[in-house]
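Note that this is a predicted model, so its numbers are computed, not measured. Hydrogens, waters and symmetry mates play no part in the numbers below; they use all other heavy atoms, side chains included. When a ligand or atom number is given, it counts from 1 through the structure's own listing order.
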Amino acid sequence: MKTKIGVIGGSGIYDMDGLQDAAWVSVDSPWGTPSDQILTGTLDGVAMAFLPRHGRGHVHSPSTVPYRANIDALKRLGVTDIISVSACGSFREEMAPGDFVVVDQFIDRTFAREKSFFGTGCVAHVSVAHPTCPRLSEACGEAGRAAGITIHRGGTYLAMEGPQFSSQAESRLYRDWGCDVIGMTNMPEAKLAREAEICYASVAMVTDYDSWHPDHGAVDITEIIATLQGNGTKARDLIGRLPTLLGAARAPCPHGCDRALEYAIMTAPDKRDPVLISKLDAVAGRIL
Ligand SMILES: CSC[C@H]1O[C@H](OP(=O)(O)O)[C@H](O)[C@@H]1O
Ligand SMILES: Nc1ncnc2[nH]cnc12
């Protein structure tokens, strides 16, 4: 199988340079219209697909990002591995603004989003005990180190609904829960990538200390935007190193991300809803 790297660019990352045969393409999805067109091309001989999560011009709020359409569209393009690049606040002194964190766990506190491709007429339960792919996360860590970025391996990301930032009491609570960083978008994105059997790694770029830090006051959007610019340059460097690290030929995921649906579907074949089954053609076509 061939590797196709999908990059979902978060706040401040709306484009990707250096692709050969670059073209923005529209992808139709039965799950709605994706956030934007998808930039396709190749980098060092590896196929790439870049999607700005909020759309060019930052149109979609964290609650209205069409997460299902985005993941479905990437799957339709043949994406095997997704790198999610996101801005985040930090709950740890040592995870400072400008640092990157390769997230490996999530606490999902979002509540106003569609979180699954499955439902009435085709029920499925996948495991998200380990919601990110260790192989892909390792490659992101290596690429970040090679780019000279201070990059922390492993961290728990609190996904909040937003769009407002947390109160100081919430910020302190999440810190006490053992969370390391906070953002508004990695859920349900990571869960949907698992349902679509796509390896998913999350690179969170610290922009602020949220609102718990006694020396930093409350999170402030102007501070975030200033830090985002430097973070974006580093993120482009990290992503540019991934094709060589991952290679064009892809072995099956040793952690089973690409087989997540193998035993997940509960609904008996004769009880399945044909309309839903047809919408699942890309996500679950391998097993349906
Ligand atoms: C620009 S501050 C808040 C905004 O930034 C993050 O976006 P993303 O995860 O797409 O990089 C955060 O989740 C909020 O949406
Ligand atoms: N403190 C914060 N909370 C939520 N999302 C963020 N994105 C960047 N900083 C954030």
Side-chain angles (χ1 to χ4, degrees), residues 6-16 34-36 50-67 70-71 82-93 95-103 106-113 131-132 140 155-175 177 179-193 200-213 216-236 238-239:
V7 177
I8 301 181
S11 295
I13 304 186
Y14 308 103
D15 205 343
M16 190 176 161
S35 294
D36 203 333
F50 170 84
L51 173 61
R53 177 184 288 126
H54 301 275
R56 283 167 286 180
H58 207 112
V59 176
H60 300 282
S61 89
S63 304
T64 63
V65 167
Y67 295 99
N70 288 352
I71 298 295
I82 292 176
I83 324 307
S84 149
V85 185
S86 313
C88 70
S90 164
F91 296 123
R92 302 283 152 224
E93 186 83 54
M95 295 178 176
D99 290 6
F100 284 20
V101 182
V102 182
V103 167
F106 296 98
I107 293 181
D108 185 2
R109 296 258 308 158
T110 64
F111 51 82
R113 305 169 187 197
T132 62
C140 292
T156 298
Y157 174 116
L158 186 298
M160 64 179 293
E161 186 60 48
Q164 302 86 355
F165 294 113
S166 307
S167 69
Q168 191 176 63
E170 287 166 334
S171 193
R172 289 180 180 149
L173 175 70
Y174 300 151
R175 193 170 134 76
W177 282 357
C179 300
D180 298 297
V181 295
I182 184 164
M184 304 179 190
T185 60
N186 279 202
M187 283 291 168
E189 195 174 85
K191 288 175 174 169
L192 294 167
Y200 181 92
S202 167
V203 176
M205 311 180 300
V206 178
T207 51
D208 56 272
Y209 278 116
D210 204 46
S211 296
W212 63 273
H213 200 299
H216 288 271
V219 54
D220 168 31
I221 190 69
T222 51
E223 176 200 347
I224 292 182
I225 290 167
T227 314
L228 270 178
Q229 280 160 8
N231 282 356
T233 308
K234 291 192 262 186
R236 282 179 243 283
L238 183 157
I239 290 162

- Identity and distance of the protein heavy atom lying nearest atom 10 (O) of ligand 1: H54 NE2, 2.5 Å

- For Y200 and A190 the tightest heavy-atom approach is CE2-CB, 3.5 Å

- Query: Quick one: nearest non-hydrogen protein atom to atom 5 (N) of ligand 2, plus distance?
  - Reply: G183 CA, 3.5 Å

- Note on the structure: atom 7 (N) of ligand 2 sits nearest the protein heavy atom A87 O, 3.7 Å

- Kindly give the heavy-atom pair with the smallest separation between T207 and A87, and that separation in Å. CG2-CB, 4.0 Å

- In sequence, state the C-alpha distance, the side-chain angles, and the governing distance for M184 and F165, and then conclude on side-chain contact (heavy atoms from CB on, under 4.5 Å). CA-CA 9 Å; M184 304 179 190; F165 294 113; 3.7 Å; yes

- Message: Could you check whether any heavy atom of P62 sits closer than 4.0 Å to an atom of ligand 1, since that is the contact criterion I want to use?
- Response: yes

- Note on the structure: protein heavy-atom neighbour closest to atom 9 (O) of ligand 1 works out as T185 OG1, 2.5 Å

- Query: Would you say I71 and I82 make side-chain contact, with heavy atoms under 4.5 Å?
  - Reply: yes

- Query: Which ligand 2 atoms, with their elements, are less than 4.0 angstrom from a heavy-atom of D210?
  - Reply: 1 (N), 2 (C), 3 (N)

- Message: Looking only at protein heavy atoms, which one is nearest to atom 10 (C) of ligand 2, and what is the separation?
- Response: G89 N, 3.4 Å

- Query: Quick one: does ligand 2 sit under 4.0 Å from the side chain of C88, the backbone, both or neither, non-hydrogen atoms only?
  - Reply: backbone

- Message: Side chain or backbone, does V219 bring an N or O within less than 3.5 Å of an N or O on ligand 2?
- Response: no

- Query: Under 3.5 Å, side chain of E161 to main-chain N/O of A112, donor-acceptor pair present?
  - Reply: yes

- At under 4.0 Å between heavy atoms, what of T207 touches ligand 2? The answer is side chain

- Query: If only atom types and distance count, is the side chain of S171 paired as donor or acceptor with the main-chain N or O of S211 below 3.5 Å?
  - Reply: yes

- Query: Are any of the N/O atoms in N186 less than 3.5 Å from those in ligand 1?
  - Reply: no

- Task: If you have a sec, work out which protein heavy atom is nearest atom 4 (C) of ligand 1 and how many Å separate them, to one decimal?
- Result: S11 OG, 3.5 Å

- R175 and D210 ion-paired at < 4.0 Å: no

- Task: Determine whether the side chain, the backbone, both or neither of R53 has a heavy atom under 4.0 Å from any heavy atom of ligand 1.
- Result: side chain

- Near F165 (heavy-atom distance under 4.0 Å), the atoms of ligand 2 are 2 (C), 3 (N), 4 (C), 6 (C), 10 (C)

- R109 atom CZ: more than 12 heavy-atom contacts under 6.0 Å: no

- Task: Kindly indicate whether the side chain of V85, heavy atoms from C-beta on, has any atom under 4.5 Å from the side chain of F50.
- Result: no

- Message: List ligand 2 atoms under 4.0 Å from M184, heavy atoms only on the residue side.
- Response: 4 (C), 5 (N)

- Which heavy atom of the protein is the closest neighbour of atom 13 (O) of ligand 1, given with residue, atom name and distance? M184 N, 2.7 Å

- Start with the C-alpha distance between I182 and M160, add both sets of side-chain angles, then the distance that settles side-chain contact (heavy atoms from CB on, under 4.5 Å), and finish with yes or no. CA-CA 7 Å; I182 184 164; M160 64 179 293; 3.5 Å; yes

- Query: Judged by atom type as modelled, is there a donor-acceptor pair below 3.5 Å linking the side chain of D180 to the main-chain atoms of T156?
  - Reply: yes

- Considering only heavy atoms of D208, which atoms of ligand 2 have at least one such atom less than 4.0 Å away? 1 (N), 2 (C), 8 (C), 9 (N), 10 (C)

- Message: Any nitrogen or oxygen of A87, side chain or backbone, less than 3.5 Å from one on ligand 1?
- Response: yes

